[in-house]
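Inspection log for the structure reproduced underneath, given as structure tokens.
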Amino acid sequence: MTDGFESPGTAASAALPAVVARVTALADRLGVPHSQVFDTARLSVASGVPEPVVKALLGGRPAGERDVQARFLQRLDLLRRTRLKPNGRKYTQQEIADGAGMSRQQAGALINGDRRPTMEHCDAIQRFFRVHAGFLTAEDPEALAGALQHTEQELLQQLAEREAAAASEDPLERLLQDHGVRGIAWRAAQLPTDQHRDKVAEWLDMLLESVKRPES
């Protein structure tokens with residue numbers, strides 16, 4: 001019984017190494033320490049995945065809780081420990097119940113593991129804690145990949161800002177920035193066939209030939 005939850009299975013596990021590789025490449029390019037982008041404590045809080053599981057998955061080892069209810073309980077406990085009230089205290093069962101639109105008895109049964117959550121329960125609790133859809137139920141590799149994709153976007157923003165600064169002094173850099181050439185090249189590497197990549201490379205060659213750096 002899945003209670004309406006879909007299991008991405010091997011697809012989620014396969015996506016994680018690709019995201020890790022992209023984040024690693026971006027970090028190396030920007031000179032950002034791997035210990036910063038792969039901070040396991042931060043990634044655990046962002047993804048809901050227990051820190052030991054984060055460490056195992058980043059190390060390429062299979063890990064993670066397979067049962068939906070067990071994952072729900074792990075992540076709800078993490079939310080209650082890390083998403084606190086303005087006064088620094090945990091939300092009570094009654095406050096969670098009121099915010100999620102359910103009875104205190106329902107909230108207590110879910111928190112204590114006495115009742116299996118439905119999608120409706122998860123959606124209501126996720127809205128209360130202001131986390132994204134699927135936070136409470138996504139398989140651990142999928143959840144970690146999602147957190148790392150946020151890191152990837154932050155690194156891409158840093159790269160764009162650095163290139164924008166360089167573009168102000170170099171016409172070739174300005175061309176690359178204006179046309180998003182580096183972003184196109186980055187994504188071209190993910191294309192499925194050599195034929196697709198060759199077409200992108202041909203376009204890039206034509207674009208780059210249209211400008212020359214001034215001779216020093």
Side-chain angles (χ1 to χ4, degrees), residues 2-24 26-27 32 36-58 63-86 88-93 95-102 106-107 110-111 113 115-158 160 183 187 190:
T2 64
D3 296 302
F5 301 109
E6 294 183 2
S7 175
T10 57
S13 298
L16 179 59
V19 180
V20 169
R22 295 199 302 270
V23 170
T24 299
L26 280 167
V32 179
Q36 180 177 327
V37 293
F38 296 115
D39 181 334
T40 55
R42 178 183 63 82
L43 289 171
S44 176
V45 172
S47 66
V49 179
E51 190 171 355
V53 177
V54 172
K55 291 178 179 178
L57 291 172
L58 290 177
E65 178 56 62
R66 301 291 297 175
D67 181 70
V68 171
Q69 185 175 13
R71 288 200 303 273
F72 171 86
L73 290 171
Q74 284 179 346
R75 295 185 190 171
L76 181 53
D77 177 67
L78 181 143
L79 284 177
R80 295 189 73 200
R81 287 186 288 107
T82 60
R83 274 67 167 183
L84 304 175
K85 294 190 288 187
R89 295 178 180 271
K90 287 184 179 181
Y91 287 98
T92 65
Q93 290 187 6
E95 288 168 332
I96 294 171
D98 292 343
M102 61 181 70
Q106 282 181 309
L110 291 168
I111 290 169
R115 179 172 183 174
R116 277 185 82 82
T118 64
M119 290 184 69
E120 289 74 19
H121 292 141
C122 293
D123 288 344
I125 294 172
Q126 285 162 174
R127 286 195 298 271
F128 173 74
F129 281 105
R130 298 182 180 181
V131 292
H132 60 80
F135 183 94
L136 289 167
T137 57
E139 289 194 9
D140 289 328
E142 179 187 11
L144 181 55
L148 282 170
Q149 284 171 342
H150 285 290
T151 300
E152 180 183 14
Q153 292 304 313
E154 291 171 358
L155 293 173
L156 285 169
Q157 180 62 35
Q158 291 180 37
R187 288 163 179 77
Q190 314 301 320

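Note that the structure is a prediction, hence the values are computed from the model and not measured.
Atom CG of residue Leu79 and atom CZ of residue Arg130 lie 13.5 Å apart, to the nearest 0.5 angstrom. To the nearest 0.5 Å, the span separating NE2 on His121 from CD on Gln106 amounts to 5.0 Å. A distance of 6.0 Å separates CD1 in Ile96 from CG in Leu76, rounded to the nearest 0.5 Å. Between the OG1 atom of Thr92 and the CG atom of Asp98 there is a distance of 7.5 Å, given to the nearest 0.5 Å. Distance check: Thr82 OG1 to Phe129 CZ gives 8.5 Å after rounding to the nearest 0.5 Å. In this structure, Asp140 CG and Leu16 CG are separated by 10.5 Å, a value rounded to the nearest 0.5 Å.
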*Would you check, one step at a time, whether the test side chain to side chain contact (heavy atoms under 4.5 Å, CB included) holds for Glu139 with Arg66?*
CA-CA 7 Å; Glu139 289 194 9; Arg66 301 291 297 175; 3.6 Å; yes
*Tell me, with the steps shown, if Gln149 and Glu152 meet side chain to side chain contact (heavy atoms under 4.5 Å, CB included).*
CA-CA 5 Å; Gln149 284 171 342; Glu152 180 183 14; 4.3 Å; yes
*Under the side chain to side chain contact (heavy atoms under 4.5 Å, CB included) criterion, do Arg42 and Gln36 qualify, and how do the steps go?*
CA-CA 9 Å; Arg42 178 183 63 82; Gln36 180 177 327; over 6 Å; no
*For Val53 and Leu144, run side chain to side chain contact (heavy atoms under 4.5 Å, CB included): C-alpha distance rounded to whole Å, both residues' side-chain angles, the deciding distance at 0.1 Å, then the answer.*
CA-CA 10 Å; Val53 177; Leu144 181 55; over 6 Å; no
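Closest approach of Glu51 and Ser44 over heavy atoms only: N-OG, 3.5 Å. Across all their heavy atoms, Leu136 and Cys122 have their closest contact at CD1-O, 3.8 Å. When all heavy atoms are compared, the tightest approach of Phe38 to Val20 is CZ-O, 3.8 Å. For Glu65 against Gln74, the heavy-atom pair with the smallest separation is CB-OE1, 4.0 Å. Here the closest non-hydrogen pair linking Phe72 and Leu110 is CE2-O, 3.7 Å. Closest non-hydrogen pair, Val23 versus Leu148, comes out as CG2-O, 3.7 Å.
Between Phe128 and Tyr91, the ring center distance clears the sub-6.0 Å criterion.
For the pair Ile125 and Met102, the minimum side-chain heavy-atom distance is below 4.5 Å. Side-chain atoms of Leu43 and Leu58, non-hydrogen and from C-beta on, do get closer than 4.5 Å to each other.
Salt bridge Asp77/Lys90: absent, no basic N to carboxylate O contact under 4.0 Å.
Judged by distance alone, the side chain of His150 and the main-chain N or O of Ala147 form no donor-acceptor pair under 3.5 Å. Judged by distance alone, with hydrogens and angles left aside, the side-chain atoms of Arg89 form no donor-acceptor pair with the main-chain N or O of Leu84 at under 3.5 Å. Side chain of Arg75 to main chain of Ala138: a donor-acceptor pair is present (N/O by atom type, distance under 3.5 Å, no hydrogens or angles).
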